[in-house]
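These notes concern the structure reproduced below.
The model shown is predicted, which means the values in this text are computed figures rather than measured ones. The first residue of the sequence shown is numbered 1, and numbering continues consecutively from there.
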Amino acid sequence: MSRRRLLTCAVAAGAILSIGLAAPVPQARAAETAKVGILIPGSKSDKGWMESGYDGLVAAQKKHGDALKVQMIENINYADMEQALTQLATKNTLVIGVGGQTQAAVYKVAKRFPKVKFSIVGGNAGESAPNVAGYDVKQAEIAYVAGAAAAMLSKTGGVSYVGGMELPSIVNAGKEFGLGAKSVNPNIKYFENYTGDFDNVAKAKEATLAAIAQGADVHYHILNLGLRGLEQAAKEKGTHVIGSYTNYCGTDPLTIAYSITGVGYQVRYAIDQVIAGTWVAGYKPFGLAMGPEASDMIVCGATPEIKAKLDAIKADILSGKIKVLEG
């Protein structure tokens with residue numbers, strides 16, 4: 001891929017990046033270039049949801065080359081999302097909001113830009129608009145599987161979950177993580193906490209330390225930068241983390257497993273659909289049914305027994321034998 005040129009300027013509380021190719025787009029192809037704006041509310045290097053979304057964007061750029069021009073805004077406060085999305089909508093034909101926390105602002109802005117397509121990565125069924133697509137990662141599905149993995153990996157018989165904002169998808173994932181753990185060990189001790197902020201490192205650390213004090217030694221999460229606090233607590237106390245979104249097996253001793261939640265996959269999906277001319281509005285569930293790039297559970301160095309058990313649980317979820325809450 002040609003080297004990308006990044007142009008940065010201040011926008012509200014965050015930064016806006018215009019991403020293009022160093023070489024000029026040939027005039028004959030200019031009309032074919034897809035212009036995509038993407039809002040990544042947190043840090044693109046958070047080892048979590050936002051980083052996964054950014055990785056999907058980079059993969060789309062590599063795939064489509066000069067057929068794609070991207071404008072990105074990152075690190076935006078909740079109160080500034082509407083302004084950021086408005087700015088993206090004025091210059092692009094597709095706008096992607098990464099995270100369910102962008103949904104309310106996306107629907108507001110979409111009404112003012114009926115000719116612009118909007119995709120929400122982490123969207124849920126509910127609201128609808130003729131120019132908005134909501135992609136449900138179905139976090140509750142893979143959280144159930146992660147809970148089962150955590151119970152099998154725990155040496156103390158205690159596991160914990162730390163979520164950020166108490167959005168329905170985050171709370172449902174926490175409930176299913178606990179149920180998945182109990183499906184393997186009915187006597188498992190389960191600790192669930194919400195910090196109210198995906199990026200608050202101190203609160204995530206405090207919640208994890210409290211769970212460790214009560215016996216938890218394997219921790220799962222839906223956090224962004226707050227993950228750093230969870231990891232600090234686990235490192236200090238010699239416990240372990242089931243990561244989300246990114247494979248750190250073999251590179252980080254804290255990580256003993258990770259769940260694939262398909263955030264980057266959905267970013268690529270939205271871009272691929274626009275470029276192919278097949279983008280459609282409406283709610284679309286992803287999850288296990290869309291394959292391992294969309295949703296999967298990986299245990300680092302899994303034994304055949306652990307792998308077989310997790311495969312059986314995934315199959316039971318897909319068949320409906322195990323019913324989980326919606327994303």
Minimum heavy-atom separation for [X] and [Y], please, with both atom names.
X: G243; Y: T255; value: N-CG2, 4.3 Å
X: P41; Y: L39; value: CD-O, 3.4 Å
X: A84; Y: I73; value: O-CD1, 3.6 Å
X: L325; Y: E176; value: N-OE2, 2.9 Å
X: I170; Y: G164; value: CG2-N, 4.0 Å
X: D136; Y: Y283; value: OD2-OH, 2.7 Å

Quick one: [atom1] on [X] to [atom2] on [Y], what's the gap to the nearest 0.5 Å?
X: T261; Y: D296; atom1: OG1; atom2: CG; result: 10.0 Å
X: T33; Y: D66; atom1: OG1; atom2: CG; result: 6.5 Å
X: K63; Y: L68; atom1: NZ; atom2: CG; result: 11.0 Å
X: I271; Y: L57; atom1: CD1; atom2: CG; result: 5.5 Å
X: K108; Y: T86; atom1: NZ; atom2: OG1; result: 10.0 Å
X: N92; Y: F113; atom1: CG; atom2: CZ; result: 10.5 Å

Side-chain donor/acceptor of [X] to backbone N/O of [Y], under 3.5 Å:
X: D316; Y: K321; result: no
X: T93; Y: K35; result: yes
X: D252; Y: L254; result: yes
X: E141; Y: L288; result: yes
X: Q87; Y: Q83; result: no
X: S154; Y: V218; result: no
X: S52; Y: G264; result: yes
X: D199; Y: G42; result: no
X: N75; Y: S43; result: yes

Co-membership, hydrophobic cluster, residues [X] and [Y], 4.5 Å side-chain:
X: M290; Y: V98; answer: yes
X: Y135; Y: I40; answer: yes
X: V263; Y: V274; answer: yes
X: I212; Y: V241; answer: no
X: L209; Y: V162; answer: no

Check: S45/E51 side-chain N/O donor and acceptor closer than 3.5 Å: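 Judged by distance alone, the side chains do not pair up.
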Side chains of [X] and [Y], heavy atoms from C-beta outward: is any pair under 4.5 Å?
X: P292; Y: I260; value: no
X: N224; Y: Q101; value: yes
X: F198; Y: L167; value: yes
X: L227; Y: D46; value: no
X: H240; Y: L153; value: no
X: Q232; Y: V201; value: yes
X: V137; Y: W49; value: yes
X: F177; Y: V159; value: yes

Salt-bridge present (K237, D217; N to O < 4.0 Å):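 Here K237 does not pair with D217 in a salt bridge, since their nearest N and O are not under 4.0 Å apart.
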Candidate pair S160 and N193, rule side chain to side chain contact (heavy atoms under 4.5 Å, CB included), full reasoning: CA-CA 8 Å; S160 75; N193 209 317; over 6 Å; no
Stacked cation flag K284 on F286, 6.0 angstrom / 45 deg: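 Yes, K284 sits over the ring of F286.
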Show me the donor-acceptor pairs, under 3.5 Å and distance only, between side chains in residues 181-190 and residues at least two apart or in other chains.
residue: S183; atom: OG; partner: G180; partner atom: O; Å: 2.6
residue: N185; atom: OD1; partner: N187; partner atom: N; Å: 3.0
residue: Y190; atom: OH; partner: G174; partner atom: O; Å: 2.6
residue: Y190; atom: OH; partner: E192; partner atom: OE1; Å: 3.1

Full working for side chain to side chain contact (heavy atoms under 4.5 Å, CB included) between N172 and Q139: CA-CA 8 Å; N172 287 352; Q139 292 180 103; over 6 Å; no
Over 12 foreign heavy atoms within 6.0 Å of CD, E206: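 Open.
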Residue K205 excluded, over 12 heavy atoms near NZ under 6.0 Å: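 Counting other residues, nucleotides and ligands, NZ of K205 exceeds 12 neighbours.
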Working for side chain to side chain contact (heavy atoms under 4.5 Å, CB included), residues L88 and F118: CA-CA 10 Å; L88 292 173; F118 293 81; over 6 Å; no
Identified side-chain contact (heavy atoms from CB on, under 4.5 Å) counterpart of I120 within the set Q103, E127, Q266: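 So, applying the side-chain contact (heavy atoms from CB on, under 4.5 Å) to I120 and each of Q103, E127, Q266, only Q103 qualifies.
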Side chain to side chain contact (heavy atoms under 4.5 Å, CB included) between M152 and L310, intermediate numbers included: CA-CA 10 Å; M152 286 187 278; L310 294 180; 3.5 Å; yes
Y161 and Y220 aromatic ring geometry - parallel, tilted or perpendicular at 30°/60° bounds: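 The arrangement is tilted - the two ring planes meet at 30° to 60°.
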